[in-house]
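Only heavy atoms go into these numbers, but all of them, side chains included; no hydrogens, no water, no symmetry mates. Note that the structure is a prediction, hence the values are computed from the model and not measured.
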Amino acid sequence: MSTPIDNTRQLLPLPLRPLICRVLLTVGLAVVGSTGASAKAQGASNLQQSIRVVSSWADQVSGGDARIEVTTRGNAKQSRVEVLVNGEDQTDRFSTVGQKTLSGVISGLQSGLNTVTVNELRPKGKGKNTKIIHSESLELTNHPISGPIFSGEHQKAFVCTVQNHGLGQPIPDSTTNPAEDPGWPVYDEGGNLIGRSTTCQVEPTVVYRYRTTGGSWAELTPGERPADLATTTTIDGEEVDYIVRWERGVINRFIYSMAVLDSDPSPDYSPRGDDWNGRLLYYFQGGVAIGHTQGSPSTSRMLYDNALKLGYGVIYSTGTKTGTHYDLELGAETALMTKERFIEAYGTPLYTVSVGGSGGGIQQYVYGQNLGTRLIDAAIPQYSYPDMVTQTIHIGDCELLEYYMDLQSMMNPASPWATWSNRSWLIGLNADDYIGNPYTQAQGTDECVESWRGLSPLALNHLYGYESGIETINPISDVLAIQWTHWEDAVNIYGRGPDGYARSTFDNVGVQYGLQSMLEGKISPAEFLQVNTFVGGWKSQPEMVQETCPYYPQPGCFSGFSIPDQWDPWSIRNMNLYDGSGPAPRTEGSIEAMQAAYEKGHVFVGAIDIPIIDWRHYLEHVLDMHNSHQSFASRQRILNHDGDASNQVIWFTDARGVTSEFDQTPQALAVMDEWMANIRRHPNKGVARNKPARAVDSCFDSHGELIAAGDDVWSGVLDDNPQGSCTAAFPLYSTSRIISGNGIEGGVFKCALQSVDNAIANGVYGSWAPGPAEIAQLNAIFPDGVCDYTQPDMGRP
């Protein structure tokens, strides 16, 4: 389809802006509310008009420009209007995009408050001056393209990477004296220091790429038509040359990208919308990192073939790659600013759909909850978790439990923990007796070891971390002061405690490890008491020391199933260990941090009402960290929120026994497009009642062929019904906290406590009736009581 755009966009500078939610301002009414915008209208007119910002919220404009729409009651082409920006006439930037709508990108906005005025004009008569018969004004608040808008103070000691990705040296914005204004050093071609950059800003770069008949990307200069140029058929059935306009630059200190199919490149590299199908795709990327860098972009995601070949616009940012940082408020801000950039260049999309796996899936759930259709209208999370911070709850248990089981196995080869598959009885995650273990050099391992080892120190230990190149930033005191933890990465969310460290949410007070396995007879009451006596917790951050082998190799470091001075894959130096004088102390988290995580939207609580197709490969057989029950953890949270999860569809595709995994994403995109078309046709029916036939719970074989579909295929996961076809085909595992008594949704930072006596009286221990000595032992382990998961999270405001 041909989508009208504002062709004056090529005249504007390319700095950016934030969000998508529109501010409707009708005649005679000032609409303020959450946007902070105000509109004033005067006079009366048969051509009633309204003015709104469509590229962002009015109080979150960035980069000095914004796309504005003016809607008239009559024919827009026949309307006589003028648009003034802080008194300057910018009417020539507007053109008609519909029968009643004018659209244009205003520019030259000053930092802070700006006023946009739209006047309707009518001649007084022949030869006389025009007359203003109606006027409306709108206030906009403009922010720097470098941010921030609402995410809080930027991290210091920040590594610029644009120079490593073909975007040139950052633009100096500070003095060369690091004592006065530290920043990333910028050099000229001769290697001379010419300044420093605190924003890593560059001028945007626009190039063209074409898809070769061999399936790769190659450079293209406008006017050329290479012999190996492939063609593509768009979602609207039009066959065009497969050429893409690709723009990259820096927004909010991160590298952004936007790519659009453009079969007839402009000689001046300006954006055209003729091949854009009107749909926008945001690609969110995963990973785990602690910030302090622009990050490295992914070309395969920036130039996402599955979407570009159909005519989708594709946007991306290293600021929405959790392998760059895990501050999801900063990520949300960056996403809004990136989408704003696209809307200013190409116009308002029909809808925005998102894809992305792991941390990219997390972002879709969290941003879909916190921002709704301001950012994304539909989501296709892949290999998802509900959020990141509640994963630290049970993953923080991994090394505590692994150390206990390893120690028991070394002391007693007949220990149940010497059989690796038994370890699921404590960790909940999958374990296998035959997969090779890189730490023991023998067979037998589990998901904690294969997928999560090392992430506890990365998230928890402020001394364990580093970003390449950061040592070049002066003063060195800023570098040495960095706390390399997840909590510090998102300190603007969690806050800082009186000890000077970012507050942490990790808490295991009252957690009865292995409780469910004891109730099922997999472990004895004696083993249950022993593990809870020994397991302990993590030290406070001021007490932590640097990691050693295999994380920070030291002289004499070696691998092996032993515990020499330097070999510490469990981070035992930073644990509260059992010393024989009494149960090992547990860790108490910060209530303030927990409450902030909820209040700032870092926790997915299920408050989401957009179409979702949650898709993953089934990877339990390889002990992959993307454990499959997480899709249902999200569903249960949605159900807990309002009792209705009909907007979420769960798809699994088998990946067992194949070397090449089938990608179900193109099918998900097609189904989602049907779903969104139905919503446009029947908006009053809402999300669930607009589902197309294929938008239903399903599972597929390793070739992508349907095994089963329907509302009951996942029966037995969240209910007590007999197993559905997909439930039976794809066994699910759990977590250490589910084994301890929490529900499948997880997410309880700090459990409510009940006394041991009350727990016994309430039947928490099933048929086990602890004797006096065992009750005394339970009280010693749990002096404040044991978890009562029938009560709400104590960390929730």
Side-chain angles (χ1 to χ4, degrees), residues 288 290 388-411 415 417 420 422-431 437-440 444-465 484-487 504-509 511 513-514 530-541 543-552 557 559-579 583-589 623 625 627 734-740 746:
V288 180
I290 310 296
M388 183 274 186
V389 65
T390 60
Q391 298 308 301
T392 65
I393 295 171
H394 58 271
I395 296 307
D397 294 336
C398 264
E399 308 305 353
L400 302 174
L401 293 168
E402 288 290 342
Y403 177 61
Y404 167 77
M405 292 185 287
D406 281 344
L407 199 60
Q408 298 302 309
S409 298
M410 284 188 290
M411 294 189 299
S415 165
W417 314 121
W420 278 85
N422 292 344
R423 297 193 177 204
S424 294
W425 300 346
L426 291 185
I427 64 171
L429 306 168
N430 194 15
N437 188 314
Y439 297 92
T440 65
T445 188
D446 60 35
E447 187 185 318
C448 274
V449 172
E450 288 298 300
S451 291
W452 297 100
R453 179 150 283 175
L455 287 181
S456 288
L458 177 64
L460 302 174
N461 187 352
H462 66 98
L463 297 169
Y464 176 53
W484 294 100
T485 64
H486 164 67
W487 323 112
S504 166
T505 65
F506 184 81
D507 188 292
N508 68 345
V509 174
V511 175
Y513 293 106
Q530 180 170 283
V531 65
N532 282 286
T533 296
F534 275 76
V535 71
W538 294 103
K539 292 180 179 179
S540 67
Q541 292 183 73
E543 297 176 295
M544 285 193 168
V545 297
Q546 184 56 274
E547 304 295 327
T548 56
C549 304
Y551 309 118
Y552 265 74
C557 178
S559 63
F561 197 66
S562 58
I563 313 177
D565 288 343
Q566 297 299 323
W567 180 246
D568 185 11
W570 312 273
S571 302
I572 58 176
R573 289 164 173 78
N574 293 309
M575 291 179 184
N576 295 324
L577 297 173
Y578 175 74
D579 63 4
R586 300 295 180 91
T587 300
E588 186 167 6
L623 308 178
M625 64 170 27
N627 39 81
S734 64
T735 70
S736 57
R737 298 299 173 103
I738 295 174
I739 298 295
S740 301

Subject >> Val545 side chain near Asn574 side chain, heavy-atom distance below 4.5 Å >> reply: yes
**OP:** Could I get the full list of ring-ring contact (aromatic ring centres under 6.0 Å, His included) partners for Trp484, not counting sequence neighbours?
**Re:** His292
Original post:
Are Met625 and Leu455 side-chain neighbours, meaning at least one heavy-atom pair lies under 4.5 Å?
Top reply: yes
Subject >> Atom pair OG/CG of Ser451 and Leu429 - distance to nearest 0.5 Å >> reply: 9.0 Å
**OP:** With sequence neighbours excluded, tell me which residues meet side-chain contact (heavy atoms from CB on, under 4.5 Å) with Gln530.
**Re:** Tyr404, Gln408, Glu527, Phe534
Subject >> Test side-chain contact (heavy atoms from CB on, under 4.5 Å) applied to Thr390 - qualifying residues, sequence neighbours left out >> reply: Asp387, Ile393, Val603, Arg637, Phe749
Original post:
Going by heavy atoms in the side chains, are Asp406 and Arg423 under 4.5 Å from each other?
Top reply: yes
Subject >> All side chain to side chain donor-acceptor pair (under 3.5 Å) counterparts of Ser571, not counting sequence neighbours >> reply: Glu547
**OP:** Output the distance between atom CG (Asp568) and atom OH (Tyr403), rounded to the nearest 0.5 Å.
**Re:** 8.5 Å
Subject >> Test item: side-chain donor near acceptor, Asn508 and Tyr513, under 3.5 Å >> reply: yes
Original post:
Looking at residues at least two apart in the chain, or sitting in another chain, which of them share a ring-ring contact (aromatic ring centres under 6.0 Å, His included) with His394?
Top reply: none
**OP:** Find out whether Leu401 and Val535 are in side-chain contact, i.e. whether some heavy atom of one side chain is under 4.5 Å from a heavy atom of the other.
**Re:** yes
Original post:
Do Asn532 and Arg586 have a side chain donor and acceptor closer than 3.5 Å?
Top reply: yes
Original post:
Is the backbone of Met544 close enough, under 3.5 Å, to the side chain of Asn461 for a donor and an acceptor to pair up by distance?
Top reply: no
**OP:** Would you check if Leu400 and Trp570 make a side-chain contact, meaning some heavy-atom pair closer than 4.5 Å?
**Re:** no
Original post:
Which atom names give the shortest non-hydrogen contact between Ala431 and Trp420, and what distance separates them?
Top reply: CB-O, 3.1 Å
Original post:
Between Trp567 and Pro550, which heavy-atom pair has the shortest distance, and what is it?
Top reply: CZ3-CB, 3.6 Å
Subject >> Ile427 vs Glu402, side-chain contact (heavy atoms from CB on, under 4.5 Å): CA-CA, chis, key distance, verdict >> reply: CA-CA 8 Å; Ile427 64 171; Glu402 288 290 342; 4.2 Å; yes
**OP:** Check side-chain contact (heavy atoms from CB on, under 4.5 Å) between Ser734 and all other residues, then give those that pass, not counting sequence neighbours.
**Re:** Ile738, Ile739
**OP:** Return the minimal non-hydrogen interatomic distance between Tyr464 and Gly454, and the atom names on each side.
**Re:** CE2-O, 3.8 Å
**OP:** For Trp538, enumerate each residue passing the side chain to side chain donor-acceptor pair (under 3.5 Å) test, keeping only those at least two apart in sequence or located in another chain.
**Re:** none
Subject >> Heavy-atom closest contact (Cys398 atom, Trp452 atom, distance) >> reply: SG-CB, 4.4 Å
Subject >> Asn422: side-chain contact (heavy atoms from CB on, under 4.5 Å) partners, not counting sequence neighbours >> reply: Pro416, Trp417, Thr419, Trp425
Original post:
Does any non-hydrogen side-chain atom of Tyr439 lie less than 4.5 Å from one of Thr445?
Top reply: no
**OP:** Would you indicate whether the side-chain heavy atoms of Leu460 and Trp487 approach each other to under 4.5 Å?
**Re:** yes
**OP:** May I ask you to decide if Thr485's main-chain N or O and His462's side chain share a donor-acceptor pair within less than 3.5 Å?
**Re:** no
Subject >> Closest contact, heavy atoms only, Val511 versus Ser740 >> reply: CG1-OG, 3.5 Å
Subject >> Sequence neighbours excluded - salt bridge (Lys or Arg N to Asp or Glu O under 4.0 Å) pairs with any residue from residues 391-400 >> reply: Asp397-Arg737, Glu399-Arg453
Subject >> Separation of Asn430 CG from Cys448 SG (nearest 0.5 Å) >> reply: 11.0 Å
**OP:** Answer whether the closest heavy-atom distance between the side chains of Asp507 and Thr587 falls below 4.5 Å.
**Re:** no
**OP:** For side-chain contact (heavy atoms from CB on, under 4.5 Å), just list the numbers for Ile290 and Leu458, CA-CA rounded to whole Å, side-chain angles, deciding distance to a tenth of an Å, and then say yes or no.
**Re:** CA-CA 8 Å; Ile290 310 296; Leu458 177 64; 3.8 Å; yes
Subject >> For Asn627, side chain to side chain donor-acceptor pair (under 3.5 Å) partners two or more places apart >> reply: Glu447, His629, Gln630
Subject >> Non-neighbouring partners of Ser540 that pass side chain to side chain donor-acceptor pair (under 3.5 Å), sequence neighbours left out >> reply: Glu543
